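Every value quoted in this text rests on a predicted model; they were computed, and no experiment measured them. The first residue of the sequence shown is numbered 1, and numbering continues consecutively from there.
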Amino acid sequence: MLPRAGAFLCCLPLGFGAKLVLWAHLAVAVLSGSMCIANLVLSNSPNYGYGTSAAAQIFTVIWCLIGIPTIIIALWGAHHMVSDNMRMYIVYASASFVLDAVYVGKESMIRDACAHLDAAALSASGGEAFACGVARALSAGATVGILAAILYSIFIVMSYIEELEDGGSAAAIAELLRGTRTEEKFAHPELAESGDLGYDSMGSAVRPFGGRSHRMLG
C-alpha cells in the first residue's frame with residue numbers, strides 16, 4: 001500500500017489540496033452536466049454542437065447528477081474534518097477515472113490525431129510525416145498527463161482521509177481533556193491555585209499526596 005502524501009504539490013497543506021480537488025471536480029461536474037443539458041434542449045439550434053451522441057450526453061448528465069451531491073457531501077466532510085463523508089467520493093472518483101480512461105483510450109484508437117492536419121499544405125512542404133508524429137506524441141502525452149492528474153487528485157483526497165483518521169481521534173481527545181481541565185479550574189479555583197488538579201500555577205507537575213508515601217488499605 002502506498003504511503004499517504006505529506007503535502008499537496010510538495011509544498012501546500014494536504015487539507016487545502018483535498019478541498020481544491022473537490023471544488024474543481026464540482027465545477028467540472030456542473031459545467032459538463034449543464035453543457036449536455038443545453039445541447040440536448042437546444043439540439044436544433046445551429047449555434048450549439050457536441051461531438052458525442054445523444055445517448056452519451058444523457059449518460060453524462062445522469063453521472064453528473066449522481067456526482068454533484070456526492071461531491072457536496074465530501075466538501076462538507078472536508079471542511080468539518082469528517083472522513084466518513086469523503087469515502088463515498090473516493091468510490092465515485094475511482095469509477096469516473098475508469099470511465100474517462102476507457103473513453104479516452106477508445107477515442108485515441110479510433111480517431112487519429114493526423115486526421116486533423118492539413119494534408120495538402122503538409123504534402124507541399126514535405127513535412128507531413130514529422131507533423132503527424134508530433135501530433136500523435138502530443139495527443140498521447142496529453143492523455144497520459146490528464147489521467148495522471150486525475151489519479152494524483154484521488155490520491156490526495158485519500159491521503160487527507162487517512163490523515164483525519166490517524167490524527168482526528170488524538171486531537172479530539174486532547175481537546176476534550178483541555179476542556180475538562182478548564183471546567184475544573186472554573187468550578188474549583190482554589191484547587192487550581194493550590195495545584196491539586198495535578199499541575200501547579202506554573203504548569204509543572206505536582207506529586208500526589210504531597211510527595212509522602214502511602215499504602216492502600218483493604
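To the nearest 0.5 angstrom, T60 atom OG1 is 9.0 Å from L40 atom CG. From S32, atom OG reaches atom CD1 of I37 across 11.0 Å, with rounding to the nearest 0.5 Å.
Grouping the Ile, Leu, Val, Met, Phe, Trp and Tyr side chains by contacts below 4.5 angstrom, directly or via other members, places V91 apart from I62. Cluster annotation: I161 and M88 are assigned to distinct hydrophobic clusters (Ile/Leu/Val/Met/Phe/Trp/Tyr, side-chain heavy-atom contacts under 4.5 Å, transitive). With hydrophobic clusters built from ILVMFWY side chains whose heavy atoms lie under 4.5 angstrom apart, Y103 does not share a cluster with V144. Both V30 and W23 belong to a common hydrophobic cluster when Ile, Leu, Val, Met, Phe, Trp and Tyr are linked at side-chain heavy-atom distances under 4.5 angstrom. Residue L22 is not grouped with residue V28 when hydrophobic side chains (ILVMFWY) are merged at heavy-atom distances under 4.5 angstrom, including chains of intermediate members.
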Atom pairs and distances, donor-acceptor, side-chain atoms in residues 67-83, under 3.5 Å, two or more places apart:
| unit_1 | atom_1 | unit_2 | atom_2 | d |
| --- | --- | --- | --- | --- |
| T70 | OG1 | I66 | O | 2.9 |
| H80 | ND1 | W76 | O | 2.9 |

Please list, one pair per line, the donor and acceptor atoms closer than 3.5 Å that link side chains of residues 3-14 to other protein atoms, with sequence neighbours excluded.
| unit_1 | atom_1 | unit_2 | atom_2 | d |
| --- | --- | --- | --- | --- |
| R4 | NH1 | E162 | O | 3.3 |
| R4 | NH1 | D166 | OD2 | 2.7 |

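The two atoms that bring V61 and C36 nearest to each other are CG2-CB, 3.5 Å, heavy atoms only. When all heavy atoms are compared, the tightest approach of A29 to C64 is O-SG, 3.5 Å.
Side-chain atoms of F59 and L99, non-hydrogen and from C-beta on, do get closer than 4.5 Å to each other.
Applying the side chain to side chain donor-acceptor pair (under 3.5 Å) test to residues at least two apart or on different chains, none of the pairs has a partner in residues 148-159. Counting only residues at least two apart or on different chains, the salt bridge (charged side-chain N to carboxylate O under 4.0 Å, His left out) pairs with a member in residues 85-97 are R87-E165. Under the salt bridge (charged side-chain N to carboxylate O under 4.0 Å, His left out) criterion, no residue pair touches residues 22-40, with sequence neighbours excluded. Sequence neighbours left out, not one pair with a member in residues 62-73 passes salt bridge (charged side-chain N to carboxylate O under 4.0 Å, His left out). Sorted pairs that involve residues 25-40 and meet salt bridge (charged side-chain N to carboxylate O under 4.0 Å, His left out), not counting sequence neighbours, are lacking altogether. Sorted by first then second residue, the side chain to side chain donor-acceptor pair (under 3.5 Å) pairs that include residues 6-15, not counting sequence neighbours, number zero.
A27 pairs by the side chain to side chain contact (heavy atoms under 4.5 Å, CB included) definition with nothing, not counting sequence neighbours. Residues passing the side chain to side chain donor-acceptor pair (under 3.5 Å) test with S96 are W63, sequence neighbours excluded. In terms of the ring pair (Phe, Tyr, Trp, His ring centres under 6.0 Å) criterion, Y160 has no residue partners (sequence neighbours excluded). Under the rule for a side chain to side chain contact (heavy atoms under 4.5 Å, CB included), the partners of S94 that lie at least two apart in sequence or sit in another chain are I90, I154.
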